[in-house]
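One structure, as C-alpha cells, below. Some questions next.
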There are 2 protein chains.
Amino acid sequence: MTVSGLRERKKQRTRDALLRVALELFTTQGYERTTVDEIADAVEVSQRTFFRYFSSKEEAAFAVQQMVEERFVRALAERPAEEGPLDAMRNAVLASWDTIGEAIMEVVPVEQYLRTFQMIESTPALLAVHLRRSTEMEEALARLIAEREGLDVDEDPRPRIAVAAFSGVMRVTGQLWGRGTDPTLEAIRELTERYLDHLAPALEPDWRN
Amino acid sequence: MTVSGLRERKKQRTRDALLRVALELFTTQGYERTTVDEIADAVEVSQRTFFRYFSSKEEAAFAVQQMVEERFVRALAERPAEEGPLDAMRNAVLASWDTIGEAIMEVVPVEQYLRTFQMIESTPALLAVHLRRSTEMEEALARLIAEREGLDVDEDPRPRIAVAAFSGVMRVTGQLWGRGTDPTLEAIRELTERYLDHLAPALEPDWRN
DNA sequence: TGTCAATTGTCAGTCGCTGACACTAGCCTC
DNA sequence: GAGGCTAGTGTCAGCGACTGACAATTGACA
C-alpha cells in the first residue's frame, strides 16, 4: 500500500489531490460543468498530467466506485459454500457495505462517496458508463457463482441469469436511492433488502396470491 | 408518414441518406474510426447539417434501435390481460421480432440492423449508451406492467423487479448473441426463449434439484 | 557527483459539438 | 409571376476532451 521513495510518494499525493479536487468539483458544480483544465489548475499541474493519472475524465469519477466494486467481488468469493447463489450475493453486498469505510476512507470521506454515487446516477453520460461497468462486474460474478456450484458458465445459463436478475434489482434500488431524499447508507441498505425479498415472488405468474 | 411538399421530401431524403451512410460506415470501418465529417462529405452536406438531423453521432447509431424499442413497448401494451407479467413480456419480444421487418425495412434492410446491433454491443461507448437507454425503456415497461395488474409502481416494488429481472436476461442474451457466430434473428430468438425458461429455476436456493 | 530514467510541461493537432450570421431556395400571397 | 417570408444550409470561430512528440526537470542510484 504505502511505498517508500520520494518519487512514489509524490505521485501518490498528486493522484490523491487530483481525485479529491475532481470529486469535489463534480459534486458541487456538476460533472459536465467541470473542465479537466479546472481540475488540473486547482492542483497546479498541467492538463496533460491529469490524463497521465486518469485515462479520461470519467475514470476519475469512477475511481472510488472501482474500489467498492472490487471489495464486493472479494466479499462474494469469501462467502461460505453452503449459501445458495442468491443468498451469497445478497450477503456479500450487505457485508461489503458494512465495511465500506475501511476501503475508501484513506482517499475520501464516505460522505463524498455517497454524493459521488448520486452524481453518477443523475448524470446521463456517467450513468451510461456505470451500467456498462456493472455488466463487466456481472461477468466476474457469474464466473464466481458458477465456480461455487461447480458449473461451466458457458454450458449452464443459470449463473448468468441469476446474476442478471440480482443485478437488475440492485440497479433499480440504486436508481431509486439516487433519486430519493435519504442519502444514507442505511437507506440504500434497507431498500436493497426489501427489494431482494420481493424478487422470487415477483416472478410468479399470478401476483394476486 | 409520407409528406407532400418538395421541401419535406428533400429533408427526408437527406436524413435517410445520412443514416444509411452512417450505419454503413460504422459497421464496416467501426464506429470510432468513422468521423462525422466523413459521413457528411459522403452525403455532400456540411458537418453542421449532420448535427441538425442527429443531435449527436450516437443518435445516428441508435436511430433504428429506437424504432424497434418503440415497437416492443407497443407490443406489450397490446398483450391480453390474462397473461401474467412475465409471459406478457416474453410474448411481446417474440412478437415484435416476428414483425421487425415491417418496422424498419423502409429505412435499412434487416441485415443492416442486425449488424448495427452487433456493433453497438461490441463498441464500449455505444454499449454504455445502449444500457442507459434500456433502463429508460424499463421504466416505461414497469409502468405498463403495473397498469395491467392494477398496481402503483411507487407502492408495489414487483413491477420494477419483474422488469429488471426480465431485462437482465434480455441483456445477457443480447450480449451472448453479439459475441456469437450466428448473427440471425432465429439465433437470438432461440437463445432468448431458452434463457427465459431458466429464469425462475435459477432463483431457487438449491440448483441441484 | 554525474549519469540514467521517470515525470512533467509545452505545443500542435484531431474530433465531437455549438452559436452566430449570412445565404439560398421552396412557399405563399397579391 | 414577382416579391417577400422563412425554413434549411453553409461557413466560420471556438470550446472541451483527448493524444503524440519532444524538450525540460528531477528523483534514484552507482
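Every chain is numbered from 1 and lettered A, B, ... according to where its sequence line falls, protein lines coming before strand lines. Keep in mind that this is a model prediction, so the values were computed, not measured.
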### Nucleotide dT7(C), atom C1' - distance to CD of Glu8(A) in whole Å
11 Å
### Query
Does Lys57(A) have a side-chain nitrogen or oxygen under 4.0 Å from the phosphate oxygens OP1 or OP2 of dG16(D)?
no
### Message
With a 4.0 Å cutoff (strictly under), does any side-chain N or O of Thr49(B) reach OP1 or OP2 of dG10(D)?
### Response
yes
### Summary
Per atom distances to the Ser46(B) side chain, the nearest of dT8(C), dG10(D), dC15(C) is dG10(D)
### Message
Nearest heavy atom decides the nucleotide; on that basis, is Ser55(B) or Phe50(A) closer to the 5' end of DNA chain C?
### Response
Phe50(A)
### Task
Evaluate the criterion side-chain hydrogen bond (donor to acceptor under 3.5 Å, both in side chains) for residue pair Arg115(B) and Thr28(B); output intermediate values, then yes/no.
CA-CA 9 Å; Arg115(B) 266 179 281 136; Thr28(B) 52; over 6 Å; no
Donor-acceptor pairs are to be reported for all side-chain atoms of residues 177-184 of chain B against protein atoms at under 3.5 Å, with residues two or more places apart or in another chain.
| from | atom 1 | to | atom 2 | distance (Å) |
| --- | --- | --- | --- | --- |
| Trp177(B) | NE1 | Asp182(B) | O | 3.1 |
| Trp177(B) | NE1 | Thr184(B) | O | 3.3 |
| Asp182(B) | OD1 | Thr184(B) | OG1 | 3.1 |
| Thr184(B) | OG1 | Ala187(B) | N | 3.2 |

### Query
Does Lys10(B) make a side-chain N or O approach to OP1 or OP2 of dG26(C) shorter than 4.0 Å?
yes
#### Entry: Met89(B) and Arg79(B), any side-chain heavy atoms less than 4.5 Å apart
no
### Task
Side chain of Arg7(B) only, please: which of dA7(D), dT19(D), dG16(C) is the nearest?
dA7(D)
### Task
Indicate yes or no: at least one non-hydrogen side-chain atom of Gln175(B) is less than 4.5 angstrom from one of Glu139(A).
no
#### Entry: Minimum-distance nucleotide (side-chain atoms of Arg52(A) versus dG9(C), dG16(C), dT9(D))
dG9(C)
### Message
Side chain of Gln47(A) only, heavy atoms from C-beta on: which candidate in dC17(C), dG16(D), dT19(D) is closest?
### Response
dT19(D)
### Query
Below 3.5 Å, does any donor atom in the side chain of Arg48(A) face an acceptor in the base of dG20(D), or the other way round?
yes
### Task
Look at the side chain of Arg33(A) against the base of dG16(D) and say whether a donor-acceptor pair falls under 3.5 Å; ignore hydrogens and angles.
no
### Message
Any side-chain N or O of Tyr53(B) below 4.0 angstrom from OP1/OP2 of dG8(D)?
### Response
no
### Task
Identify, between Glu32(A) and Thr14(B), the residue whose nearest nucleotide on DNA chain D lies closer to the 5' end.
Thr14(B)
### Message
Looking at the base of dG26(C), is there any donor atom on it, or on the side chain of Arg9(B), that sits under 3.5 Å from an acceptor on the other one?
### Response
no
